[in-house]
2 protein chains.
Amino acid sequence: MNIGDVSSRSGLPAKTIRYYEDIGLIKPHRSANGYRCFAETDLHKLAFLGRARALGFTIEDCRTLMALYEDESRASADVKQLAQEHLAKIEEKIADLQAMHDTLGELVNCCAGDSRPDCPILKDLSGEG
Amino acid sequence: MNIGDVSSRSGLPAKTIRYYEDIGLIKPHRSANGYRCFAETDLHKLAFLGRARALGFTIEDCRTLMALYEDESRASADVKQLAQEHLAKIEEKIADLQAMHDTLGELVNCCAGDSRPDCPILKDLSGEG
DNA sequence: ATGAGGGTTCCAGTCAGGGGAAGGTCAAGG
DNA sequence: CCTTGACCTTCCCCTGACTGGAACCCTCAT
């Protein structure tokens, strides 16, 4: 398979696939003309990476997850720990965003949103709150 | 005031303050020795920027907000719209993170997390789910 | 032979700064 | 007078995970 086929079958942009090769996540062979030549296992890895990235794992997490996946003698505890740490980071981000949302939402509610200049949002930002 | 004073009074790192000057958000004067020389208004602007950034506004949003703040004849509707758009982006991010959280949380719950290799997390990532 | 539609490499940019080097300035202490 | 240490300056590279684009090569059909 050429990169275009792999791209459409995996859903990942060709640029991303080249980048993944660049950083050593996949190692496709090369055809005589210099084109990348992907096997089914490469496609499978890319799909794996796509799903892990969609769950928000960092590239380095993905590297670890792939290594665990390929290690038949892994302990599921290692996978679970990685996932739990990632889950904790997600929760932290949600909490941060939720705090922003609550504060900003309240300010928005207090703002008349008309043609007059008085604005509680600007007032709060300027520290007059 | 030198940059160190402004940094401790605004809570922003000196690096950040220099960066904000670089991109034209503030324009401190210079002393004879070349040091930046901040007035109270600069400090006020930096505090404004710090609060806006803490609410997750982008730098470009901050630029707009500052311009609105300094425009005495602004309409609060403009501020409100900007804030509402930002609020919508925050909500989108929260929803994305929440979806990741739910999916990953379920997988984590299903994983025994012991010394055996069987792992529903890896199974899901590999597409066997 | 030429054009379209693949592929390749490499360089630069994104966002919002952070890290650190090389060097200038200032006040206090010996 | 010299030095030390704390401060300041500019400059350039680094981050994550790509994305865009230039310049060029390969293959096939017209």
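Below, chains carry the letters A, B, ... as their sequence lines are ordered, and counting in each starts from 1. The structure presented is a predicted model; accordingly, all values stated were derived computationally and were not measured.
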query: Would you find more than 12 non-hydrogen atoms of other residues, nucleotides or ligands less than 6.0 Å from Glu106(A) atom CD?
result: no

More than 12 heavy atoms of other groups within 6.0 Å of Glu70(B) CD: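 For Glu70(B), atom CD is crowded (more than 12 foreign heavy atoms under 6.0 Å).
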
- prompt: Judged by modelled atom types alone, do Asp114(A) and Ser76(B) share a side-chain donor-acceptor pair under 3.5 Å?
  reply: yes

Exercise: do Glu128(A) and Ser126(A) side chains pair donor with acceptor under 3.5 Å: yes

- request: Using only side-chain N and O atoms of Tyr20(B), determine if any of them is under 4.0 Å from OP1 or OP2 of dA16(C).
  value: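 Indeed not, no polar side-chain atom of Tyr20(B) lies that close.
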
- prompt: Is the shortest side-chain N/O distance from Thr16(B) to OP1 or OP2 of dG18(C) below 4.0 Å?
  reply: yes

What is the distance, to the nearest angstrom, from the [atom1] atom on [X] to the [atom2] atom on [N]?
{"X": "Asp22(B)", "N": "dG18(C)", "atom1": "CG", "atom2": "C1'", "answer": "14 Å"}
{"X": "Arg18(A)", "N": "dC11(C)", "atom1": "CZ", "atom2": "P", "answer": "16 Å"}
{"X": "Asn2(B)", "N": "dG24(C)", "atom1": "CG", "atom2": "P", "answer": "18 Å"}
{"X": "Ile17(A)", "N": "dT19(D)", "atom1": "CD1", "atom2": "P", "answer": "11 Å"}
{"X": "Tyr19(B)", "N": "dT9(D)", "atom1": "OH", "atom2": "P", "answer": "18 Å"}
{"X": "Lys15(B)", "N": "dG18(C)", "atom1": "NZ", "atom2": "P", "answer": "9 Å"}
{"X": "Glu21(A)", "N": "dA17(D)", "atom1": "CD", "atom2": "C1'", "answer": "17 Å"}
{"X": "Ile59(A)", "N": "dC18(D)", "atom1": "CD1", "atom2": "C1'", "answer": "9 Å"}

query: If you look at every strand shown and take non-hydrogen atoms under 4.0 Å, does Ile3(A) touch a base, only sugar-phosphate, or nothing?
result: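 Sugar-phosphate: the residue Ile3(A), judged by heavy atoms under 4.0 Å, touches backbone atoms but no base.
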
query: Distance from Ile94(A) atom CD1 to Leu97(A) atom CG, nearest 0.5 Å?
result: 8.0 Å

message: To the nearest 0.5 Å, what is the distance between CG on Leu25(B) and CE on Met66(B)?
response: 6.0 Å

field: Partner of Ile26(A) under side-chain contact (heavy atoms from CB on, under 4.5 Å), chosen from Thr41(A), Ile17(A), Val6(A), Leu43(A)
entry: Ile17(A)

field: Residues touching DNA chain C, which here means a heavy atom under 4.0 Å, drawn from residues 24-57 of chain B
entry: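 Asn33(B), Tyr35(B), Arg53(B), in order of number.
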
